[in-house]
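Input: a single structure, listed below in structure tokens.
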Amino acid sequence: MSQKRRTAADEPYLVVRSSASDLAPGQVIREHAHDWHQLIHATSGVLMIATGGGSWVVPPSWGVWVPAGVRHAIRASGHSAFRTVYVAPGCMPDLPEACTAVTVSPLLRELILRIVAIGMADRRDTIESALAILLLDELRRAPVPPFSLPEPRSDATRRAAEWLFLGGAEARIPGIARAIGLSVRALERRFVAETGMSLGRWRRQGALLASLERLGAGASVK
């Protein structure tokens, strides 16, 4: 389906916009932000979405909601294709206020692809308006998959997180705590306060997301 042409005069009536991109293995879209909210959906491959507040791995069955103004970067694992729907701020109540992963149902996927096919949805067009309303309502109802990694906020916990990733399974938490000038208990308390997770759970979650990314890049399950 060909996309309709729009002019500056149409701008106040647009509810959603869309874009389509294909990325090569390892390709990165550097940190940036948008004036509109966006829903990022990987139609193939696996994407890593990183913000100041956390990181998400996005396989084809998931998407990531990024509110307007939130800076984020995107990295592809393997050949990846993603489709983005941009949502006008204030067009519907009760949309997520923070970045979050969402499960992309078959219906939500088809709505995303339909919006991408027509390019934009204009509230003056009955069918386009209905498509946008249905897409946003499906988004609000979408369950949240348990695969996000909250980002520690303080310098000390960020350094500890970096060492955990660099050292992998060999990294020793007592040694990391000493290196940043904290006791193990103090480091544990900070991780819970800043991420909502214990240090051990945060480490396992990070390892799981890294494994999903490697699988998306073509690594063997073994």
Side-chain angles (χ1 to χ4, degrees), residues 1-23 27-76 80-145 148:
M1 174 181 291
S2 61
Q3 296 185 354
K4 295 181 179 179
R5 293 186 177 183
R6 311 285 178 171
T7 68
D10 296 316
E11 183 78 17
Y13 302 100
L14 299 180
V15 184
V16 298
R17 296 168 165 163
S18 65
S19 68
S21 301
D22 295 333
L23 301 180
Q27 186 174 347
V28 173
I29 298 176
R30 294 184 178 181
E31 189 178 72
H32 62 287
H34 298 280
D35 294 333
W36 288 31
H37 308 309
Q38 66 181 126
L39 175 62
I40 303 170
H41 170 51
T43 53
S44 65
V46 175
L47 303 175
M48 171 68 82
I49 313 295
T51 74
S55 299
W56 293 264
V57 172
V58 188
S61 57
W62 300 341
V64 169
W65 173 260
V66 182
V70 174
R71 299 189 64 79
H72 58 285
I74 302 172
R75 184 175 73 248
S80 302
F82 72 97
R83 306 295 179 256
T84 303
V85 172
Y86 301 94
V87 180
C91 70
M92 178 175 281
D94 301 327
L95 293 174
E97 297 181 357
C99 290
T100 183
V102 297
T103 300
V104 176
S105 66
L107 175 57
L108 182 55
R109 175 185 170 87
E110 292 305 316
L111 289 167
I112 292 170
L113 296 179
R114 180 69 170 178
I115 293 292
V116 170
I118 63 177
M120 302 177 185
D122 188 321
R123 71 175 79 249
R124 296 169 298 181
D125 184 294
T126 303
I127 295 177
E128 291 182 11
S129 179
L131 282 172
I133 291 171
L134 184 57
L135 180 144
L136 295 175
D137 190 61
E138 187 71 6
L139 168 65
R140 291 191 304 180
R141 298 169 185 267
V144 177
S148 63

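Values below: all heavy atoms of this structure, side chains included; hydrogens, waters and symmetry mates excluded. Quick caveat: nothing in here was measured; it's all calculated off a predicted structure.
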(request) Any chance you could lay out the side chain to side chain contact (heavy atoms under 4.5 Å, CB included) test for Leu47 and Leu23, step after step, and finish with the verdict? (result) CA-CA 9 Å; Leu47 303 175; Leu23 301 180; 4.2 Å; yes
Looking at [X] and [Y], what are the two nearest heavy atoms and their distance?
X     : Y      : answer
Pro60 : His41  : O-CE1, 2.8 Å
Gly45 : Ser80  : CA-OG, 3.6 Å
Cys99 : Val70  : SG-CG1, 3.7 Å
Ser19 : Val116 : O-CG2, 4.1 Å
Pro96 : Pro67  : O-CG, 4.3 Å
Ala98 : Trp65  : O-CD1, 3.6 Å

(request) Could you tell me whether Arg109 and Glu138 have a side-chain N and a carboxylate O separated by less than 4.0 Å? (result)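 Answer for the salt bridge query: no.
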(message) Do the side chains of Asp22 and Arg83 get close enough for a salt bridge, i.e. N-O under 4.0 angstrom?
(response)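 So Asp22 pairs with Arg83 through a salt bridge.
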Quick one: are [X] and [Y] in side-chain contact, heavy atoms under 4.5 Å?
X      : Y      : result
Ile49  : Phe82  : no
Leu135 : Leu108 : yes
Thr43  : Leu113 : yes
Thr51  : Trp56  : yes

Give, for atom [atom1] of [X] and atom [atom2] of [Y], the distance between the pair rounded to the nearest 0.5 Å.
X      : Y      : atom1 : atom2 : answer
Ile115 : Glu110 : CD1   : CD    : 12.0 Å
Asp122 : Leu14  : CG    : CG    : 5.5 Å
Leu131 : Thr126 : CG    : OG1   : 11.0 Å
Leu39  : Ser18  : CG    : OG    : 11.5 Å
Ile74  : Gln27  : CD1   : CD    : 10.5 Å
Ile127 : Ile118 : CD1   : CD1   : 9.5 Å

(message) Going by the rule side-chain contact (heavy atoms from CB on, under 4.5 Å), which residues pair with Ala88 if we only count those two or more places apart in sequence or in a different chain?
(response)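 side-chain contact (heavy atoms from CB on, under 4.5 Å) list for Ala88, sorted by chain: Trp36, Cys91.
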Tell me whether the count of non-hydrogen atoms from other residues, nucleotides or ligands lying under 6.0 Å of [atom1] in [X] goes above 12.
X      : atom1 : result
Glu11  : CD    : yes
Arg140 : CZ    : yes
Arg30  : CZ    : no

(request) Taking Arg17 for its side chain and Tyr86 for its backbone only, find out whether a donor-acceptor pair lies under 3.5 Å. (result)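 Judged by distance alone, no pair lies under 3.5 Å.
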(message) For His72, give me all partners under ring-ring contact (aromatic ring centres under 6.0 Å, His included), at least two apart in sequence or on another chain.
(response)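 Checked His72 against ring-ring contact (aromatic ring centres under 6.0 Å, His included); matches are His32, His34.
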